[in-house]
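Values below: every heavy atom of this structure, side chains too, minus hydrogens, waters and symmetry copies.
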Amino acid sequence: MGKAGVLIKGVSIKAEEITQASFAPFGDLIVLEGARTFSCNQGRAVRHHDLAPHIDVADEGGRAGLSVYRSVASPLPFQVEVMERHPLGSQIFLPVTTDPQSRYLIAVAPIGELRLDAVRAFVVRGQTGVNYLKGVWHLPIVALDKPMDFVTVDRIGSGNNLDEIRMTQDVRIVVDM
């Protein structure tokens with residue numbers, strides 16, 4: 001387990017729809033629309049190429065690992081219990097769904113000391129993935145509406161790659177969309 005800390009604050013954060021531009025300071029938004037593509041497999045497939053150019057997992061001998069998270073649906077408004085960051089590697093969450101109406105909630109804050117006034121929350125549609133940059137603060141994955149599975153690519157290796165800060169007072173994310 002990594003470092004842990006405590007933030008004492010009462011705050012409400014309003015979630016917004018995610019866009020490439022709004023998420024860019026925190027990582028890559030993984031979408032097929034607009035991606036560089038090319039035909040492959042003798043014309044039976046199209047490759048959507050290099051969707052997360054900021055994968056960064058090699059610090060201290062780390063390697064990329066592939067996992068699946070199964071997340072239950074969470075009630076709203078969402079009560080934030082913890083924010084976390086991975087100082088040695090980026091982390092991808094890619095929903096395994098064909099339902100574009102599926103949604104999940106993310107909240108992020110810039111690299112450095114966690115400041116609640118810098119936290120931004122986003123609602124992400126089901127077929128869009130995210131890649132958090134190394135060191136970006138974020139919520140653990142939060143499914144909305146119904147359970148969701150996520151393929152995850154992140155750093156596997158020795159060293160401390162998890163810092164957590166637990167909230168001791170009311171920190172909520174409001175979703176009104």
Self-check item: SB check D56 R155 (cutoff 4.0 Å)
Solution: no

Quiz item: Are N131 and H54 close enough that a side-chain donor and a side-chain acceptor fall under 3.5 Å?
Solution: no

Quiz prompt | N/O donor-acceptor pair under 3.5 Å between R47 side chain and D50 backbone | solution = no

Quiz item: Is it true that E164 and R166 have a side-chain N and a carboxylate O under 4.0 angstrom from each other?
Solution: yes

Quiz item: Stepwise, does the ring-ring contact (aromatic ring centres under 6.0 Å, His included) test hold for H86 with Y132?
Solution: CA-CA 9 Å; H86 305 284; Y132 298 119; 8.2 Å; no

Exercise. Kindly say whether the aromatic ring centers of Y69 and F93 come within a distance under 6.0 Å.
Key: yes

Quiz prompt | Any residue meeting ring pair (Phe, Tyr, Trp, His ring centres under 6.0 Å) with F122, in chain and number order, not counting sequence neighbours | solution = none

Quiz prompt | Rounded distance [0.5 Å steps], OG1 in T128 versus CD in Q20 | solution = 8.5 Å

Quiz item: Checking N160 side chain against L162 main chain: does a donor-acceptor pair fall under 3.5 Å?
Solution: yes

Quiz prompt | R85 side-chain N/O to G112 backbone N/O, donor-acceptor pair under 3.5 Å | solution = yes

Quiz item: For I30, does its backbone N or O pair with a side-chain atom of D28 as donor and acceptor, under 3.5 Å?
Solution: no

Quiz item: Charged N to carboxylate O below 4.0 Å: is that the case for D59 and K134?
Solution: yes

Self-check item: Donor-acceptor under 3.5 Å (D145 side chain, S102 main chain)
Solution: no

Practice problem: Check whether any side-chain heavy atom of M177 sits under 4.5 Å from a side-chain heavy atom of R103, and report yes or no. | Solution: yes

Quiz prompt | The single option from V11, I13, I106 passing side-chain contact (heavy atoms from CB on, under 4.5 Å) against I173 | solution = I13

Practice problem: Is it possible for you to say whether V123 and F23 belong to one hydrophobic cluster, with membership spreading through side-chain heavy-atom contacts below 4.5 Å? | Solution: no

Practice problem: Look up atom NE2 in H48 and atom CD in E33, then write down how far apart they are to the nearest 0.5 Å. | Solution: 10.0 Å

